[in-house]
**Q** 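The structure under discussion is supplied below as structure tokens; questions concerning it will follow.
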Amino acid sequence: MTASRPTADWATLAELERDPHPTLARLRASGPVVWVPVLNGWVVTTRAENLAAMRDDVGLTVDDPRFTTGRITGPSMLSTDGPEHERHRAPFARPFRLDAIRERFTDAAAEEVARLIDAFAADGEAELRTQLAGPLAARMMILALGLDIAAEDDILGWYARIVEAVQQLSAGADEPQDGRDAYAAFADAVRVALDSAEDGSSLLAAALGDASMLTRDELTSNAAVLLFGGIETTEGMIANLLHHLLTTESLAEVAADPALLDGAIEESLRMEPAAAVLDRYATADLELAGVAIPRGDLVILSMASANRDEAVFADPDRFDPRRENARLHTTFATGPHVCLGMHLARIETRAAVLGIARALPGLRADPERPSAPRGLVFRKPPAIWAHW
Ligand code: HEM
């Protein structure tokens, strides 16, 4: 092993949170694997090394107590590796396939978008993250899991309390009881949904049919991971695309051409992955791209950096919906933990763009209140003000 330890002691949390891309470009220039003291971890910078790291679930694992979500929800596909991961994930593979998702959700997403837009169309202005992207992502997941839509406020309340508990744990707090209570309430709602589900009536019910290898508790943990994995990220995916289309004034043009819309969705996923980093832990002393990583160290896979790797993407900081290789982005991950929800997320995003372009011709960003994605892990604009 080499003794090289490229270190970016100049990188700051403020920059990584606000606009990480200049910092990430500098990290890539330093090497494919760089120690970043403010993150207390190694950042993997190039697309090739990130792909290799995502495929390696032996040298690198998600199964570590520092992954705090698992401490609230119990083990799930997101917090296990190897055969145990396969056991948690397998029942969901069939219901989440592209054809099954298209058939089940294309119309439902369009209807939900129309309903949400109806509620603000007469106002002449809207904040599209909280009035469109967020509620669409939440409702579609509640629907997908077969939960009671009438309990939407409760479900989102539990969700917020669980996220808060996970953050407190990450900041070193003891087991936060409030998060446990919220998770218990969520688990009850899942139990009710499962008891009343008919075969295949929701993605969860469909998984139940294939889930003889999972206990009800384990199924519930995976339902929680699906709910949380599907709300924050999809809200960010939709918000980031709306931000890109509004700031480049290309919404109408893109919405009018299905191929261009596909291109814009992939290009926005490349430019701003809503989940910008994935955490892994070294299971043994190992070497990544010639850099020695001690056992137990945090290894941060940077989708945001991989997606702007100049060796793969020409002029990587430019949003170009016609970019031919935009689909080579790593935003939905690869390997054993590749995103289960990507087809559903794309359907929702497409429905959101088509819905607003049709219902609100002339929609423009409000120049007085500009939007910009931000966030260290989950990136999206806090607000997207637009008028028509
Ligand atoms: C309907 C929406 C979504 C659902 C239901 C969903 C669900 C999931 C689930 C269950 C996993 C864990 C798979 C496993 O560990 O085996 C996962 C992984 C992942 N998802 Fe999604 N997801 C959704 C949307 C998104 C979006 C919009 C993004 C990014 C823009 C995203 C990015 C990822 C990534 C990067 C992983 C890999 C995590 C890791 O390896 O640590 N997902 N998703």
Side-chain angles (χ1 to χ4, degrees), residues 44 50-51 53-57 60-64 66-67 69-70 73 75-93 95-96 98 101 104-105 108-109 112 133-134 136-145 202-204 207 219 221-241 265-281 298-304 306-307 329-352 373 375 377-380:
V44 181
N50 272 297
L51 291 177
M54 283 185 264
R55 290 180 182 129
D56 175 11
D57 62 352
L60 296 171
T61 186
V62 295
D63 189 357
D64 187 282
R66 282 168 282 179
F67 178 67
T69 308
T73 63
S76 71
M77 63 181 117
L78 203 56
S79 66
T80 48
D81 268 316
E84 190 59 3
H85 170 258
E86 173 59 22
R87 189 174 71 83
H88 278 276
R89 180 170 167 125
F92 295 90
F96 275 95
L98 176 61
I101 290 288
R104 204 186 270 266
F105 293 108
E112 208 50 69
L136 175 62
R139 286 203 184 167
M140 292 301 290
M141 279 320 297
I142 291 172
L143 191 72
L145 293 178
S202 69
L203 294 183
L204 198 56
L219 202 59
S221 300
N222 285 293
V225 160
L226 281 165
L227 184 77
F228 304 144
I231 294 183
E232 170 81 37
T233 50
T234 310
E235 174 182 346
M237 174 177 171
I238 297 168
N240 289 336
L241 177 59
I265 290 173
E266 299 312 310
E267 178 69 342
S268 177
L269 285 166
R270 182 188 73 79
M271 291 283 289
E272 284 295 354
V277 291
L278 311 180
D279 287 352
R280 298 290 190 264
Y281 304 92
L298 170 63
V299 178
I300 300 166
L301 314 186
S302 174
M303 305 300 101
N307 287 350
H329 66 72
T330 64
T331 298
F332 289 125
T334 191
H337 292 279
V338 63
C339 178
L340 257 186
M342 66 173 108
H343 304 311
L344 179 53
R346 284 191 174 107
I347 283 174
E348 292 178 40
T349 305
R350 169 187 297 276
V377 178
F378 296 113
R379 288 187 61 73
K380 58 178 175 290

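Note that the numbering runs from 1 along the sequence shown for the chain. As the structure lists them, so they are numbered: ligands from 1, and atoms in each ligand from 1.
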**Q** Return yes if some donor-acceptor pair links the side-chain N/O of Arg379 with the main-chain N/O of Pro373 below 3.5 Å, else return no.
**A** yes

**Q** Taking 4.0 angstrom as the limit and counting only heavy atoms of Pro336, give me the atoms of ligand 1 inside it, by number and element.
**A** 16 (O)

**Q** Return the minimal non-hydrogen interatomic distance between Pro95 and Leu203, and the atom names on each side.
**A** O-CD2, 3.4 Å

**Q** Taking all heavy atoms of Leu145 and all of Ala223, pick out the closest pair and write down the distance.
**A** CD1-O, 3.7 Å

**Q** Give the numbers and elements of all ligand 1 atoms closer than 4.0 Å to a heavy atom of His85.
**A** 14 (C), 15 (O), 16 (O)

**Q** Could you see which bit of Arg89 sits under 4.0 Å from ligand 1, with heavy atoms only: side chain, backbone, both or neither?
**A** side chain

**Q** How far is atom 8 (C) of ligand 1 from its nearest protein heavy atom, and which residue and atom is that?
**A** Leu340 N, 3.9 Å

**Q** In ligand 1, which numbered atoms sit nearer than 4.0 Å to a non-hydrogen atom of Gly229?
**A** 3 (C), 6 (C), 22 (N), 23 (C), 24 (C)

**Q** Among side-chain atoms of Asn222 and His88, is any donor-acceptor pair under 3.5 angstrom?
**A** yes

**Q** Could you tell me which atoms of ligand 1, counted from 1 in the order shown, lie closer than 4.0 angstrom to a heavy atom of Ala274?
**A** 30 (C)

**Q** May I ask you to identify the nearest protein heavy atom to atom 4 (C) of ligand 1, giving residue, atom name and distance to one decimal place in Å?
**A** Gly341 CA, 3.4 Å

**Q** Looking at atom 37 (C) of ligand 1, what's its closest protein heavy atom, distance included?
**A** His337 O, 3.4 Å

**Q** For atom 2 (C) of ligand 1, state which one of Thr234, Leu203, Val277, Asn222 supplies the nearest heavy atom.
**A** Thr234

**Q** Under the 3.5 angstrom rule, does the side chain of Thr234 hit a backbone N or O of Gly230 as a donor-acceptor pair?
**A** yes

**Q** Quick one, Met303 and Asn50 - any side-chain contact, counting heavy atoms below 4.5 Å?
**A** yes

**Q** So, Asn240 side chain and Glu272 main chain: donor-acceptor pair closer than 3.5 Å or not?
**A** yes

**Q** Does the Ser268 side chain pair with the main chain of Ile265, one donor and one acceptor, at a distance under 3.5 Å?
**A** no

**Q** Give the residue and atom name of whichever protein heavy atom lies nearest to atom 10 (C) of ligand 1, and the separation in Å to one decimal.
**A** Leu226 CD2, 3.6 Å

**Q** Give me the nearest non-hydrogen protein atom to atom 38 (C) of ligand 1 as residue plus atom name, then the distance to 0.1 Å.
**A** Leu278 CD2, 3.9 Å

**Q** Would you mind listing which atoms of ligand 1 come within a distance below 4.0 Å of any non-hydrogen atom of Leu344?
**A** 1 (C)

**Q** Out of Leu227, Thr349, Val338, Thr331, who is nearest to atom 29 (C) of ligand 1 when you count heavy atoms only?
**A** Thr331

**Q** Checking contacts here: is it the side chain or the backbone of His88 that comes within 4.0 Å of ligand 1, counting heavy atoms only? Could be both or neither.
**A** neither

**Q** Under a 4.0 Å heavy-atom limit, does Ala144 contact ligand 1 with its side chain, its backbone, both, or neither?
**A** neither

**Q** So if I apply the side-chain contact (heavy atoms from CB on, under 4.5 Å) rule between Leu51 and each of Thr330, Val44, Leu301, which one comes out positive?
**A** Thr330

**Q** Can you list the ligand 1 atoms lying under 4.0 Å from a non-hydrogen atom of Met237?
**A** 27 (C)

**Q** For Tyr281 versus Phe67, what's the shortest heavy-atom pair and its separation?
**A** OH-N, 3.9 Å

**Q** Provide, to 0.1 Å, the distance between atom 28 (C) of ligand 1 and the closest protein heavy atom, together with that atom's residue and name.
**A** Phe332 CE2, 3.4 Å

**Q** Locate the shortest heavy-atom distance separating Met77 from His85; write the atom from each residue and the value.
**A** O-CD2, 2.8 Å

**Q** Taking all non-hydrogen atoms of both residues into account, name the closest pair between Leu143 and Ser202 and its distance.
**A** O-CB, 4.3 Å

**Q** As an exercise, identify every atom of ligand 1 less than 4.0 angstrom from a heavy atom of Leu78.
**A** 12 (C), 15 (O)

**Q** Quick one: does Met141 get a heavy atom under 4.0 Å from ligand 1?
**A** yes

**Q** Which residue and non-hydrogen atom of the protein lie closest to atom 21 (Fe) of ligand 1, and at what distance in Å?
**A** Cys339 SG, 2.3 Å

**Q** Would you mind running through ligand 1 and noting each atom that sits below 4.0 Å from a heavy atom of Ala333?
**A** 35 (C), 37 (C)

**Q** Applying a 4.0 Å heavy-atom criterion (strictly less than), which segment of Arg280 is in contact with ligand 1: side chain, backbone, both, or neither?
**A** side chain

**Q** Considering both backbone and side-chain atoms of Glu348, is one of its nitrogen or oxygen atoms within less than 3.5 Å of a nitrogen or oxygen in ligand 1?
**A** no

**Q** State which residue, out of Thr80, Val299, Asp56, Asp81, fulfils the side-chain contact (heavy atoms from CB on, under 4.5 Å) condition with Thr61.
**A** Asp81

**Q** What residue and atom, counting heavy atoms only, is the protein's closest point to atom 25 (C) of ligand 1, and at what distance?
**A** Thr233 OG1, 3.3 Å

**Q** Would you say Asn307 and Thr331 are linked by a side-chain donor-acceptor pair, where the criterion is simply a distance under 3.5 Å?
**A** yes

**Q** Does the distance from a Lys or Arg side-chain N to an Asp or Glu carboxylate O, for Glu266 and Arg346, drop under 4.0 Å?
**A** yes

**Q** With a 4.0 Å heavy-atom cut-off (strictly under), which part of Met77 contacts ligand 1: side chain, backbone, both or neither?
**A** both

